Amino acid sequence: MASKTDPGWLTVDGVRLEILERGQGRPILWLHGEEGLDPGAEFLEMLAAHGRVLAPSHPGFGRSPDARTVDTVDDLAYLYLDLLTARELRDAVVIGSSLGGWVAAEMAVKSTERLRGLVLVAPLGIKVGDRETRDIPDIFALPPAEVLRLQYRDPDRAAIDPSKLTDDQLTVIARNREATALYAWEPYFHNPKLRQRLHRIRVPTLLLWGVDDQFVTAAHYGAAYRDAIPGARLETIDRAGHFPHLEQPAALVESVRAFLGERQP
């Protein structure tokens, strides 16, 4: 018998996706970041108390097969817009973290027809500094311990002991890293034209940032995102780094709950 944390499967435009679905009510599309989707993550259960959560693994991540037609963030954005159409979902709230936040922003730039709101959790995807300045640390070049230090308030919570993982878990980690490189390698974690297009987002938008995020900071990177999206609001979450949904799940879900509550019909 499958447990409630076991994902199911969905096919959109010929692309097969591993997907977790929980809860009832307004549709909430969760787009994970480069860390991949953990079906047992505490925040997913909390989020499902406020709507019908759909959480797919992007092609190449988790157990979702690679897709011949999907190899850019642009492709992912269109894929998830098509998912909303295929499932006949309207007034959806799209929530994306890091890489997933970039995908969510690209979706909203293209079309907000089926969107009621947008929550971007420390999204990547834009260029803030000049061409000689690296906005986003190179996760492929830095030592893993340094990447964790930049991304987590408590790096120990994210440290991995490979000897304690199953072969399946190790395969997922390797696939997640490979897929991240596919989508974000060149240009590195951004679309040079996205920032100038963010003015097209015409739905209520909330930006959430961990106070201790040293990977991309709220004061610099977050403020640039906020200023580019009409009416966007930027809020910070204490005692959290780049992935506040993992370090402070209750605080993140409370911010989302307040955002959703403000915009109920």
Side-chain angles (χ1 to χ4, degrees), residues 30-36 43 58 61 72-73 76-77 94-109 118-155 157-158 176-177 179-198 201 205-229 232-249 251-252 255-256:
W30 170 265
L31 301 178
H32 67 76
E34 56 275 19
E35 82 286 6
F43 80 94
H58 312 320
F61 281 86
T72 67
V73 167
L76 290 174
V94 178
I95 309 176
S97 165
S98 196
L99 172 64
W102 175 11
V103 177
E106 295 277 10
M107 288 176 66
V109 161
L118 189 65
V119 181
L120 304 178
V121 184
L124 305 178
I126 63 173
K127 188 79 178 78
V128 176
D130 59 38
R131 60 180 298 175
E132 306 302 324
T133 302
R134 180 179 287 279
D135 296 316
I136 304 167
D138 190 339
I139 63 173
F140 301 107
L142 291 172
E146 176 64 9
V147 175
L148 292 181
R149 187 190 69 78
L150 294 171
Q151 291 184 332
Y152 288 87
R153 182 178 190 268
D154 179 10
R157 67 161 291 131
N176 291 350
R177 186 172 178 84
T180 297
L182 172 68
Y183 294 118
W185 180 258
E186 183 62 39
Y188 181 73
F189 270 118
H190 79 285
N191 173 356
K193 295 185 177 181
L194 177 59
R195 191 178 182 185
Q196 70 194 44
R197 295 172 178 168
L198 291 175
I201 297 177
T205 301
L206 174 65
L207 289 146
L208 292 176
W209 232 277
V211 169
D212 299 306
D213 188 349
Q214 299 180 67
F215 191 63
V216 283
T217 67
H220 183 57
Y221 206 89
Y225 244 112
R226 177 200 61 205
D227 293 347
I229 300 175
R233 191 167 78 240
L234 173 62
E235 296 181 1
T236 55
I237 295 176
D238 289 336
R239 301 183 302 282
H242 188 61
F243 301 111
H245 57 288
L246 300 179
E247 292 196 282
Q248 295 296 331
L252 178 128
S255 292
V256 172

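For clarity, every value in this text was computed on a predicted model and none was experimentally measured. Sequence positions, counted from 1, serve as the residue numbers for this chain. Reckoned from all heavy atoms, side chains included, excluding hydrogens, waters and symmetry mates.
Shown here for Lys193 and Gln196, the closest heavy-atom pair between the two residues is O-CG, 3.0 Å. Considering all non-hydrogen atoms of both residues, Ala232 and Arg226 come closest at O-CG, 3.6 Å. A pairwise comparison of heavy atoms in Ala104 and Val94 identifies CB-CG1, 3.7 Å as the closest pair. Residues Leu148 and Ala158 share a closest heavy-atom pair of CD2-CB, 3.9 Å. In plain terms, the two heavy atoms of Ala251 and Ile237 that are nearest each other are CB-CG2, 3.8 Å. The heavy-atom pair separating Trp102 from Leu124 by the smallest distance is CB-O, 3.3 Å.
Two residues are said to be in side-chain contact when any heavy atoms from C-beta on lie closer than 4.5 Å; Tyr225 and Leu234 fail this criterion. Residues Gln248 and Asp238 are not in side-chain contact: their nearest non-hydrogen atoms beyond the backbone lie 4.5 Å or more apart. Proximity of Trp30 to Ser97: side-chain heavy atoms (C-beta onward) are separated by under 4.5 Å at one or more points. Using a 4.5 Å heavy-atom cutoff, the side chains of Val256 and Leu208 are in contact.
Separating the OG atom in Ser255 from the CG atom in Leu206 is a distance of 6.5 Å, to the nearest 0.5 Å. Glu146 contributes atom CD, which lies 10.5 Å from atom CD of Gln151 (distance to the nearest 0.5 angstrom).
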key: Ile201/Val109 under side chain to side chain contact (heavy atoms under 4.5 Å, CB included): CA gap, chis, key distance, verdict   = CA-CA 5 Å; Ile201 297 177; Val109 161; 4.1 Å; yes
task = Let me see the working for Glu34 and His242 under side chain to side chain contact (heavy atoms under 4.5 Å, CB included), right down to the final yes or no.
result = CA-CA 11 Å; Glu34 56 275 19; His242 188 61; 4.1 Å; yes
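The backbone N or O of Leu246 sits less than 3.5 Å from a side-chain atom of Arg157, completing a donor-acceptor pair. Looking at Glu247, its side chain does come within 3.5 Å of a backbone N or O of Gly241 through a donor-acceptor pair.
Below 30°, between 30° and 60°, or above 60°: for His58 and Phe61 the angle between ring planes is above 60°, a perpendicular geometry. Ring geometry for Tyr221 against Trp209 counts as tilted: the plane angle lies between 30° and 60°, on a 0 to 90° scale.
For Tyr152, the ring pair (Phe, Tyr, Trp, His ring centres under 6.0 Å) partners are Phe243, not counting sequence neighbours.
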Show me, pair by pair, the donor-acceptor contacts under 3.5 angstrom made by side chains of residues 179-187, not counting sequence neighbours?
unit_1	atom_1	unit_2	atom_2	d
Thr180	OG1	Asn176	O	2.8
Tyr183	OH	Pro59	O	2.8

Output a table of donor-acceptor pairs, distance under 3.5 Å, between side-chain atoms of residues 135-142 and any protein atom two or more places apart or on a different chain; print 'none' if there are none.
unit_1	atom_1	unit_2	atom_2	d
Asp135	OD1	Gly129	N	2.8
Asp135	OD2	Lys127	NZ	3.0
Asp135	OD2	Val128	N	2.8
Asp135	OD2	Gly129	N	3.2
Asp138	OD1	Phe140	N	2.9
Asp138	OD1	Ala141	N	3.3

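Considering Leu198, Leu76, Val73 in turn, Val73 is the only one that fulfils the side-chain contact (heavy atoms from CB on, under 4.5 Å) rule with Glu106. With Leu207 as the fixed residue, the side-chain contact (heavy atoms from CB on, under 4.5 Å) test singles out one of Val119, Leu120, Leu118, Val121: Leu120.
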